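None of the values given here were measured: they were computed from a predicted structure. Just so you know, ligand 1 is whichever comes first in the structure, and atom 1 is the first atom listed for that ligand.
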Amino acid sequence: MLRRHGLFWLKTCPRLNVPRGQYVAISHSLNISIINQQRLYAKGRRRNQISKKEMKPLNFSIPNYISVNKLANLLNCRVEKLIKDLTALGFDNITTTYILSKEYVELILQEYNFALPSLSTSTNLDSVYEELKSPVNPNSLTKRPPVVTVMGHVDHGKTTIIDYLRKSSVVAQEHGGITQHIGAFQIITPKSGKRITFLDTPGHAAFLKMRERGANITDIIVLVVSVEDSVMPQTLEAIKHAKKSGNELIIAITKIDRIPQPKERERKIEKVINDLIVQDIPVEKIGGDVQVIPISAKTGENMDLLEESIVLLSELMDIRAENSPKTVAEGWIIESQVKKQVGNVATVLVKKGTLQKGKILICGNTFCKIKNLIDDKGIPISKATPSFATEIFGWKDVPHVGDEVIQVKSEAIAKKFISQRQDLVEVQKNSSIVERLNEERALAKVHHANKDKSKELENEDAALDREQNVGPKIINYIIKCDVSGSAEAVSESICSLGNDEVKCNVISSSVGMPTESDLKMAQITDSTILCFNLGNLPSEVINNRAGIKIKQYNVIYKLIEDVTETLTVNLKPIFEKKIISTVDIREIFDFRLKKKIIKIAGCKVNNGIIKKNSMVQVVRGPNDDVIFEGTLSTLKHNKDDVAEVSKGHECGITFENGFEDFKPADRILVYENVKVPRFL
Ligand SMILES: Nc1nc2c(ncn2[C@@H]2O[C@H](COP(=O)(O)OP(=O)(O)OP(=O)(O)O)[C@@H](O)[C@H]2O)c(=O)[nH]1
């Protein structure tokens, strides 16, 4: 089990058939250990051998998320038993409020011998478009140009190299100087006449972003090191990326023109090489295969050598791809933007197949019917083959840099797959919320356990609820708006409301009517759904069965006012003492009750009324030092017990808990606790 973005990545899961990249929401602190997980799966395998006849039918549908408590209800078993069984299965620190994801519920149900209709599908965000791709046909692979990324420390000369290459290629190809920045460009080497594709800045950014996703769009990295500075922090960073990516490496030692004196130049170049050897770069000097080319991007010295070295290396690498128009085309977005007059455009680096006008591409949450293809010189082209970067017009929305592009047969198919992907995005969003909740609850539980061990015996949920009062009280909201701008504005406005005692927490904010999944999430997180500018809501949303509070607004200040009011109501109450009567103690009487002598305060009510259940303070001296605070035990008029005594009348008083340390001239202040209005 591998950890990934705080979730756990089930690499191989025999029963769920979870593919690489599929993850399930288990919190760090509450995860089931690897050993226990293996135990769970091993049990699962044995369970698979149980005959179908022995299986119990499942009479409910499995929700995406469910608390242990509710699962126990559905299974008609005691929650304590379910927790015990879950612990035996390997779940640590499970509480009744712990939220289980569908995948785990399925495992648990199998453990309980339930016949599941079919196990969760194995699609995830990374693989949702996989089935659109065509398998590689080794027979139709043809050579393609290498794709090169230039990396190195700041100011070491990356841009100057790229500028030199672009300009020289423009001049060489006589395209009249029309150049345009599309994130990648191609050169034709002067000697061998071979093509190389360079990822232009932000090639570096795109490279890193795609590498994060496990994709590798570069074949060769040119590591630029200034002869003057040698290896610097970002050089090390680039070396790290290069090693991790497994890309071939070529070293370009730049700015050699700055050291005209040959011997000094030689010495400096040697130093750079030695510094690289220290970093475990297998340069040719020590018998390795990493070429080192000293260059000047200013004067052009050895630039042709650098280009030819790249060609040579790519020849050795034998870089190939399918380029037939019949192959399903694939590529990567390396730049995207909205252009005036033409709309959404994106530069696609082609990985396989051939891009042509009219073809339909899917990418993230958008798609495109290719209207036009433009090359890096700004010239319209009829097709783009592997390793070419081309600007493509016709996207419905601007695709994201680093996203994969895949050809689809029709717009209908594109829409269908995008909708599937959006569902998965929703599921992923929810799993991270669930994970956060589980973690918060686990932390609260640990806090609770540390603070008061004796509470362990108490009802866990009740104790947990109390502990969750530690820190500010959190009021959860789910925001649904007409447009994303409003969703952001509402979310930002209400997030800033609150103080140390009570705070808003936006569980999610999105565009559109509240969905089934929003309602479920609101139920799990005890959230109110705030709808802004949505018009009439469907009655099944307003009258939802779970009783989730849905509030509707079309004026933002009204929404903020309402949320502020809710927060205010949730502020901890503050009470002030209000004196409603004062009573003088005049004499002390001894009263014999059975064998005990009891002291009675003989008093006179100065103002107001004293009642039997009044809260009082007994005060003494000029500073009204409080010597007792509490309630009365008895209140008598003459010898009779009375409920109250009013102004001007005498009475006999004893106090709760046997307090008798009063003297004549002490005073009794009768008070009420009055709630003080609070504001945020
Ligand atoms: N003399 C000389 N100057 C160079 C050479 N290469 C780059 N320079 C200069 O070095 C400075 C930095 O060069 P850039 O190409 O901007 O460096 P960079 O690595 O792209 O910098 P960042 O984009 O900021 O990371 C500029 O003033 C260039 O003119 C070279 O080969 N010779």
Side-chain angles (χ1 to χ4, degrees), residues 147-172 179-187 189-190 196-212 217-218 220-242 245 247 249-273 275-276 279 281 283 290-310 334-335 337 347 376 389 401-402:
V147 179
V148 179
T149 295
V150 180
M151 288 187 179
H153 188 74
V154 60
D155 270 358
H156 274 198
K158 301 177 290 291
T159 312
T160 312
I161 291 179
I162 289 195
D163 283 351
Y164 180 92
L165 294 166
R166 292 191 81 203
K167 278 183 207 135
S168 57
S169 90
V170 169
V171 174
T179 59
Q180 68 169 46
H181 186 98
I182 68 164
F185 64 95
Q186 282 215 331
I187 62 151
T189 56
I196 306 173
T197 301
F198 281 93
L199 279 194
D200 197 351
T201 37
H204 195 177
F207 172 90
L208 293 181
K209 186 160 181 199
M210 290 180 223
R211 236 217 42 226
E212 267 171 29
I217 54 162
T218 300
I220 296 169
I221 291 174
V222 170
L223 179 66
V224 181
V225 190
S226 151
V227 73
E228 293 174 313
D229 298 343
S230 190
V231 172
M232 298 293 277
Q234 280 166 291
T235 322
L236 297 177
E237 186 80 354
I239 291 173
K240 204 171 82 190
H241 293 312
S245 67
N247 290 131
L249 192 62
I250 290 179
I251 310 287
I253 300 181
T254 50
K255 306 191 186 180
I256 54 167
D257 60 295
R258 288 210 178 153
I259 305 173
Q261 217 279 322
K263 279 218 164 131
E264 175 65 1
R265 182 189 281 190
E266 200 55 37
R267 198 184 60 76
K268 286 270 196 179
I269 290 174
E270 275 303 293
K271 174 169 182 336
V272 176
I273 293 174
D275 287 350
L276 290 166
Q279 296 305 323
I281 303 292
V283 291
V290 174
Q291 299 176 71
V292 179
I293 328 271
I295 58 158
S296 167
K298 267 272 155 76
T299 64
E301 190 178 347
N302 288 347
M303 286 299 283
D304 53 345
L305 206 62
L306 176 66
E307 292 171 29
E308 292 305 329
S309 299
I310 294 169
I334 51 173
E335 264 188 16
Q337 58 181 304
T347 304
D376 57 331
V401 170

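At a threshold of 4.0 Å, the pair E264-R267 counts as salt-bridged, since one of the basic side-chain nitrogens sits closer than that to a carboxylate oxygen.
Between the CG atom in D376 and the CZ atom in F198 there is a gap of 12.0 Å [rounded to 0.5 Å]. Of the inter-residue distances, the one linking D275 atom CG with D229 atom CG reads 11.0 Å to the nearest 0.5 angstrom.
Applying the salt bridge (Lys or Arg N to Asp or Glu O under 4.0 Å) rule to K298 yields no partners; only residues at least two apart in sequence or on another chain are considered. Partners of D155 by salt bridge (Lys or Arg N to Asp or Glu O under 4.0 Å), not counting sequence neighbours: none found.
At under 3.5 Å, a nitrogen or oxygen of K158, whether backbone or side chain, sits near a nitrogen or oxygen of ligand 1. Taking any N or O of G157, backbone or side chain, at least one lies under 3.5 Å from an N or O belonging to ligand 1.
Ligand 1 lies nowhere less than 4.0 angstrom from a heavy atom belonging to G152. For Q234, the heavy-atom gap to ligand 1 stays at 4.0 angstrom or more.
Contacts between H156 and ligand 1 below 4.0 angstrom, taking non-hydrogen atoms only, involve the backbone exclusively. If you look at D257 next to ligand 1, the close heavy atoms, those under 4.0 Å, all belong to the side chain.
Checking I253, I281, V272 one by one against V292, the side chain to side chain contact (heavy atoms under 4.5 Å, CB included) holds for a single residue, I253.
With atom 20 (O) of ligand 1 as the reference point, the heavy atom nearest to it among T160, V224, T159, I259 is part of T159. The option with the heavy atom closest to atom 12 (C) of ligand 1, from among V154, T299, D155, is D155. Selection from E301, E228, K255 by nearest heavy atom to atom 8 (N) of ligand 1 gives K255.
Of all atoms in ligand 1, numbered sequentially from 1 with element shown, those under 4.0 Å from a heavy atom of H153 are 19 (O).
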Could you go step by step and tell me if I251 and I273 meet the side-chain contact (heavy atoms from CB on, under 4.5 Å) rule? CA-CA 9 Å; I251 310 287; I273 293 174; over 6 Å; no
